[in-house]
Amino acid sequence: MNGFGSGTQASVLLLFTTLVTFTLLMCVMAGPDRDDLANFYTGYLSLTPFKNGLAIAGDYISAATVLSTTGIVALTGYDGYVLAVSTALSLVLLMFLLAEPLRNAGSFTMGDVLARTVPGRAVRVAACLVTLSATLPFLVVQLSGAGSLLTFILDIPHVAGARTACIVMVGSLMIIYAAIGGMRGTALIQMIKIVILVGTSAVVAVLVLHRFHWSPDELLTAAQHGSGAGPAFLRQGLQLGTSAGERLDFIGFQVTVVLGVACLPHITMRLYSAPDVPAVRRSMSWAVGTVTAFCLLLIVMGTGAAALVGARYITAADPQGRTSVLMLSQVLGGAPGSAGATILYSAVAGMVFITLLSSVAGMTLAAASSLAHDLFAHAARRGRAKPRTEMTVAVWASVAVGTVAIGLATTVQDWNVGVLTTAAICVGASAVAPALTYSLFWRGFTRTGLLASLYGGTACALLLLAFSRAVSGTPSSVFPDAGFDLFPMQSTGLVSVPFGYLAGWLGSRLDHRRRAAESLSTRRLYEENEARLLAAAE
């Protein structure tokens, strides 16, 4: 229970209703015509760089970033700080290495990028399957967390029925947003979300710093005491440990975050809505600045939660610390029931709610777009599907993806599903990153190499994760009483990322030897597109 009365609950419910009504109206107004594919997938390329940058930042900062990373900062200190910095660095990597070539190479989905130089049905199918592998786990995490968080926010008894109802409600809204709004509608939601998120977080961070007389030293000293870890709070090791193997695991996890988050399909899809390369460059500048500012605010909020709430109370409410920012707002707002407490808690609750809605909507749109565009229109219909038919498939694909995600989230709502976030990021780093970098920058990359990167990297990441310490063998794992943790790490990046790149290289080299003529054709196709892919401007 959050300790607030019926007045606060009424305020929160009113705010939630207002947000839902407003965002639904925005989606309906911005939604595309039923046969307008360009509008559905890219929003007519009509967003200015500033608006598109806000939309990219909104899609990039998920509910997991807002809630889980804040909790990790509050509970593990230094390890959480490094994670927040890695999250910002990942978008910087996307900006400087991949953003412009991706905009030149892509039309609607990741499959368009990969099929430009290596066409074929097998490539489209692989792109769709990997997109689902990277988005579905994230969707399940967001929705399963929505059940616990909304029952906490609304002060509802934490029972399975109430959590299931919250999951179904958020999942239904995400289906409506993706199916009706398309790219432009979800972009508007992301813009609303990021403005609310940064604004509310800035207020909370300012209140935290004001509480400690604007002294970082006082804040860090209080955080060390509140965490119960003392000086260890400011040293690496609270999250994964301090042995040599655990330090390697920590490094591997940060590398995976830097490479993986930037390459997730729902992030790269936003780049195709920019009208040209200069616009995408300016959009990324706005996005990087916004995300970096938020990550700094996140560090202050997490440290403030450790200092003012305390690790013992945070873990009692949620072992993963996802409610830490909500509990912090309770402390900063003053006495329960006061006007200040009601306003601040309602604002933070609204921030969490809109973040949940917008995050799952963007991921649903990416998965549905790949199913309709890559799997149906190109793999099944060989590019001959009518626009109206493809749009209908995209809408029903949104319903199908959302329904599956809701079903999975209700099934695993009592599990520690944080491992699914790791799974999605590992797929992004181990499969999508090698496939994209090779496709964009290596002339000798072939179809066999591409499929080896996508399937090999995904299989390696998921297989190692299934037998890792994140799934079994530790008190915080999914199955703590089981003991099939044959892989001694909680993140697979140190092995699966090199494996994905190696699989792509070996597949291409073997392909060159076996099918010299086809490989030469692929090389020529790349060379024909190379100037456009790597050009600084359209």
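Numbers here simply count residues along the sequence, with the first being 1.
Residues Met110 and Leu102 are not in side-chain contact: their nearest non-hydrogen atoms beyond the backbone lie 4.5 Å or more apart. Annotation: side chain of Thr492 is not in contact with side chain of Thr256 (no heavy-atom distance under 4.5 Å). Proximity of Leu264 to Phe138: side-chain heavy atoms (C-beta onward) are separated by under 4.5 Å at one or more points. At a threshold of 4.5 Å between non-hydrogen side-chain atoms, the residues Val255 and Leu494 do not count as touching. Between Met301 and Val208 there is no side-chain heavy-atom pair separated by less than 4.5 Å. Between Val258 and Thr87, every side-chain heavy-atom pair lies at or beyond the 4.5 Å cut-off. Looking only at side-chain heavy atoms (C-beta outward), Tyr177 and Ser358 stay at 4.5 Å or farther from each other. Val113 is listed as a side-chain neighbour of Leu440, based on a closest heavy-atom distance under 4.5 Å.
Judged purely by distance below 3.5 Å, without hydrogens or angles, the side chains of Gln490 and Ser468 never pair a donor atom with an acceptor atom. Gln224 and Thr221 form no side-chain donor-acceptor contact under 3.5 Å, judged by distance and modelled atom types alone. A side-chain N or O of His373 and one of Asp112 form a donor-acceptor pair less than 3.5 Å apart. Side-chain contact check for Asp374 and Thr109: at least one donor-acceptor pair (N or O, by modelled atom type) lies under 3.5 Å.
When the side-chain hydrogen bond (donor to acceptor under 3.5 Å, both in side chains) test is applied to Ser144, no partner is found at least two apart in sequence or on another chain. Here Phe353 pairs with Phe16 under the ring-ring contact (aromatic ring centres under 6.0 Å, His included) rule; sequence neighbours left out. Evaluation of the side-chain hydrogen bond (donor to acceptor under 3.5 Å, both in side chains) rule for Thr303 yields Tyr81 as partners, not counting sequence neighbours. Contacts of Gln239 classified as side-chain hydrogen bond (donor to acceptor under 3.5 Å, both in side chains), with partners at least two apart in sequence or in another chain: none. For the side-chain hydrogen bond (donor to acceptor under 3.5 Å, both in side chains) test, no residue two or more places apart in sequence or in another chain qualifies with Ser453.
With Arg124 contributing its side chain and Pro119 its backbone, the two residues share no donor-acceptor pair below 3.5 Å. Checking side-chain atoms of Thr65 against main-chain N and O of Ile61 turns up no donor-acceptor pair under 3.5 Å. One N or O on the side chain of Ser324 and one on the backbone of Gly321 form a donor-acceptor pair closer than 3.5 Å. In this structure, the side chain of Ser359 engages the main chain of Ala63 through a donor-acceptor pair within 3.5 Å. Side-chain N or O atoms of Ser329 include one that pairs as donor or acceptor with a backbone N or O of Leu326 at under 3.5 Å. Side-chain atoms of Arg447 never come within 3.5 Å of backbone atoms of Val123 as a donor-acceptor pair (strictly under, hydrogens ignored). One N or O on the side chain of Ser477 and one on the backbone of Thr474 form a donor-acceptor pair closer than 3.5 Å.
Closest non-hydrogen pair, Ala367 versus Thr131, comes out as CA-CG2, 4.3 Å. Taking each heavy atom of Val170 and Ala146 in turn, the nearest pair found is CG2-CB, 4.1 Å. The two residues Val280 and Ala99 come nearest to each other via the heavy atoms CG1-O, 4.4 Å. Residue Thr323 comes nearest to Ala317 through the heavy atom pair OG1-CB, 3.6 Å, listed as atom of the first residue, atom of the second, then distance. Closest approach of Leu54 and Met191 over heavy atoms only: CB-CG, 3.8 Å. Of all heavy-atom pairs between Ala178 and Thr186, the closest is CA-CG2, 4.3 Å.
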Q: Apply side chain to side chain contact (heavy atoms under 4.5 Å, CB included) to the pair Leu94 and Tyr60, showing each step before the final yes or no.
A: CA-CA 11 Å; Leu94 176 63; Tyr60 188 80; 6.0 Å; no

Q: Check step by step if side chain to side chain contact (heavy atoms under 4.5 Å, CB included) holds for Leu132 and Ser370.
A: CA-CA 8 Å; Leu132 293 176; Ser370 186; over 6 Å; no

Q) Can Lys51 and Leu188 be said to form a side chain to side chain contact (heavy atoms under 4.5 Å, CB included), step by step? A) CA-CA 8 Å; Lys51 292 179 180 179; Leu188 290 174; over 6 Å; no

Q.
Between Met351 and Val66, does the side chain to side chain contact (heavy atoms under 4.5 Å, CB included) criterion hold? Intermediate values first, please.
A. CA-CA 10 Å; Met351 174 189 80; Val66 176; 4.3 Å; yes

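With values rounded to the nearest 0.5 angstrom, Tyr438 atom OH is found 14.0 Å from Thr117 atom OG1. Here the CG atom belonging to Leu234 is positioned 10.5 Å from the OH atom belonging to Tyr78, to the nearest 0.5 angstrom. To the nearest 0.5 Å, the span separating CG on Leu259 from OG1 on Thr437 amounts to 9.0 Å. A distance of 9.5 Å separates CG in Leu454 from CG in Leu129, rounded to the nearest 0.5 Å. Considering OG of Ser90 and CD of Gln254, their distance stands at 11.5 Å, rounded to 0.5 Å. Between the CZ atom in Phe212 and the CG atom in Leu220 there is a gap of 9.5 Å [rounded to 0.5 Å].
For Phe445 and Trp505, the gap between ring centers reaches or exceeds 6.0 Å.
Using a 30° and 60° split on the angle between ring planes, Phe479 and Phe484 fall in the tilted class, from 30° to 60°.
Using a cutoff of 4.0 Å between basic side-chain nitrogens and carboxylate oxygens, Lys193 and Asp59 are not scored as salt-bridged. Salt bridge status for Arg469 with Asp485: absent, with no side-chain N to carboxylate O gap under 4.0 Å.
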In a table with atom names and distances, give each donor-acceptor pair under 3.5 Å that connects a side chain of residues 284-299 to protein atoms at least two apart or in another chain.
| unit_1 | atom_1 | unit_2 | atom_2 | d |
| --- | --- | --- | --- | --- |
| Ser285 | OG | Arg281 | O | 3.1 |
| Thr290 | OG1 | Trp286 | O | 2.8 |
| Thr292 | OG1 | Val288 | O | 2.7 |

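Each of Val198, Ile192, Ile194 was compared with Ile196 under the side chain to side chain contact (heavy atoms under 4.5 Å, CB included) criterion, and only Ile192 meets it.
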